[in-house]
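In what follows, a single structure is set out as C-alpha cells and then discussed.
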Amino acid sequence: MKIMINSEGIVSSSGMLAFLADRFNVRLREELATEGLCYLLQEYPEARNAVIEELATGSIDRGTRDGIAFISQARSAEDSWVVDLEGRMNERVYISIEGKLDARLQRSQPVEYVERLQDGGSLLFVCPSARIPRLREELQQRVRSRGVLERDSTWEPRTAGISWIALIRGRRLGITSWNSLLKLVRNESGEALPTLP
C-alpha cells in the first residue's frame, strides 16, 4: 500500500488512495486521508506507539498510553460533533487528530473538540504546510476568545514538525503538515509499515 499526500495536502496520483478516490469519484478526500491514517494506527503497533509518544503530554502515564486505541469518525453521547480520529482508553479521550485539506474550520473547532479531552490531552490539526500559518492564527484566536488558552501562551515548535500551544487544564493544541505526520509514522515504524512517501 502506498499513501502519497503532497505538500499541498492533495492525495497524489501515484498512490493507491488517489487511485481509489478517482476510481470511485470520492469527494470527501479529507475523510479518505484520515481513514488511511486511522488504518495505520490501528493495524501497526509501531505507528500507533510513535504517534502516541509524540502527541501525549507528560501527564499521560505509561499504563494509559499503552491502553489508547484509535477510532475514526468518533462520536460522543455528550455532544453532536464528529472528530476525525480519537485516541481513547475506556471512553476517555486523550488524543484527537483532525485532518484538514481545504475545508474551513467548523464552528465547533477547536474548542468543543478540546472540551472532550481529558486533562492533559492533546488535539492536533493536520493540514497542508502552506495552510499552517493562517490556520494556526485562526485556532489561537478561537481558543483565546473562548477562554481555554493558557495565559500568555504562544506557539512553540517541537520535534516532528509539530507546533503546540498550551491550553487550560494541562491540555494542548497542535498543528502540523500531513508530510510531517506521515514522516513521523514512517521513521519511527521502520520496516513494519507499508510504503509511505
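If you read the sequence from its start, that first residue is 1, and numbering goes on from there.
- Taking all atoms of both residues into account, the shortest heavy-atom contact from Cys127 to Leu135 is SG-CD2, 3.9 Å.
- Expressed to the nearest 0.5 Å, how far CG of Leu124 lies from CZ of Arg172 amounts to 9.0 Å.
- For the pair Glu156 (side chain) and Trp164 (backbone), a donor-acceptor distance under 3.5 Å is absent.
- Residues Thr159 and Glu54 share a closest heavy-atom pair of OG1-OE2, 2.6 Å.
- Within 6.0 Å of atom CZ in Arg65, more than 12 heavy atoms from other residues, nucleotides or ligands are found, so the atom counts as buried in its surroundings.
- With values rounded to the nearest 0.5 angstrom, Leu167 atom CG is found 8.5 Å from Leu117 atom CG.
- The hydrophobic clustering, which links ILVMFWY residues whose side-chain heavy atoms are closer than 4.5 Å, places Val82 and Leu85 apart.
- The backbone N or O of Asp66 sits less than 3.5 Å from a side-chain atom of Arg48, completing a donor-acceptor pair.
- Here the side chain of Asp61 pairs a donor or acceptor atom with the backbone of Gly63 at under 3.5 angstrom.
- Side-chain heavy atoms closer than 4.5 Å link hydrophobic residues (I, L, V, M, F, W, Y) into clusters, and following such links, possibly through other members, connects Trp81 to Phe125.
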Worked check of salt bridge (charged side-chain N to carboxylate O under 4.0 Å, His left out) between Arg142 and Glu138:
CA-CA 6 Å; Arg142 287 185 180 203; Glu138 188 174 359; 3.2 Å; yes
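- The shortest non-hydrogen separation linking Ala50 to Leu184 is O-CD2, 4.2 Å.
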Using the side-chain contact (heavy atoms from CB on, under 4.5 Å) rule, take Val51 and Phe70 through it: C-alpha gap first, then chi angles, then the decisive distance, then the call.
CA-CA 11 Å; Val51 168; Phe70 285 92; 4.2 Å; yes
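- Taking OG from Ser180 and CD1 from Ile175, the interatomic distance works out to 11.0 Å, rounded to the nearest 0.5 Å.
- In the displayed structure, Gln106 atom CD is contacted under 6.0 Å by more than 12 heavy atoms of other residues, nucleotides or ligands.
- Remark: side-chain polar atoms of Ser153 are paired, donor with acceptor, to backbone N or O of Ala166 under 3.5 angstrom.
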Run the side-chain contact (heavy atoms from CB on, under 4.5 Å) test on Tyr113 and Ser108 for me, step by step, so that the C-alpha distance in whole Å, both residues' side-chain angles and the decisive distance to 0.1 Å come before the verdict.
CA-CA 7 Å; Tyr113 290 20; Ser108 57; 3.6 Å; yes
For Arg136 and Ser163, what are the C-alpha separation, side-chain angles and deciding distance, and is it a side-chain contact (heavy atoms from CB on, under 4.5 Å)?
CA-CA 9 Å; Arg136 183 173 48 213; Ser163 292; 4.1 Å; yes
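- In this structure, the side chain of Ser122 engages the main chain of Leu55 through a donor-acceptor pair within 3.5 Å.
- In terms of modelled atom types and a separation under 3.5 Å, the side chain of Thr176 and the main chain of Gly161 share a donor-acceptor contact.
- Put simply, Met89 and Ile71 are part of two different groups of oily side chains (I, L, V, M, F, W, Y) that touch within less than 4.5 Å, one to the next.
- Side-chain atoms of Thr57 come within 3.5 Å of backbone N or O of Gly120 as a donor-acceptor pair.
- Taking every heavy atom of both residues into account, Gly99 and Thr34 meet most closely at CA-CG2, 3.7 Å.
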Working for salt bridge (charged side-chain N to carboxylate O under 4.0 Å, His left out), residues Arg146 and Glu112
CA-CA 10 Å; Arg146 294 282 299 277; Glu112 280 77 4; 3.3 Å; yes
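- Summarising the geometry of Arg131 relative to Leu105, their closest heavy-atom pair is NH2-N, 4.4 Å, with the distance given to 0.1 Å.
- Put simply, the side chain of Arg116 never gets that close to the backbone of Ser96: no donor and acceptor are under 3.5 Å apart.
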Begin with the C-alpha distance, continue with both residues' side-chain angles, and end with the deciding distance and a verdict on side-chain contact (heavy atoms from CB on, under 4.5 Å) for Val114 and Val111.
CA-CA 5 Å; Val114 167; Val111 176; 5.6 Å; no
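- The CD atom of Glu115 lies 11.0 Å from the CG atom of Leu123; values are rounded to the nearest 0.5 Å.
- Gln109 and Arg104 make their closest contact through OE1-O, 4.3 Å (heavy atoms, listed as atom of the first residue, atom of the second, distance).
- Neither Ile132 nor Ile97 shares a network with the other; the hydrophobic side chains, linked directly or stepwise wherever heavy atoms of I, L, V, M, F, W or Y lie under 4.5 Å apart, form separate groups for each.
- To the nearest 0.5 Å, the span separating CD1 on Ile68 from CD1 on Ile60 amounts to 6.5 Å.
- Note: Leu101 CG to Trp178 CH2 = 6.5 Å, rounded to the nearest 0.5 Å.
- For the pair Val143 and Pro110, the minimum side-chain heavy-atom distance is below 4.5 Å.
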Mind running salt bridge (charged side-chain N to carboxylate O under 4.0 Å, His left out) on Glu86 and Arg75 for me, showing each step along the way?
CA-CA 9 Å; Glu86 283 186 346; Arg75 298 176 186 275; over 6 Å; no
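- In the hydrophobic clustering of ILVMFWY residues, with side-chain heavy atoms under 4.5 Å counting as a link, Ile162 and Leu41 come out together.
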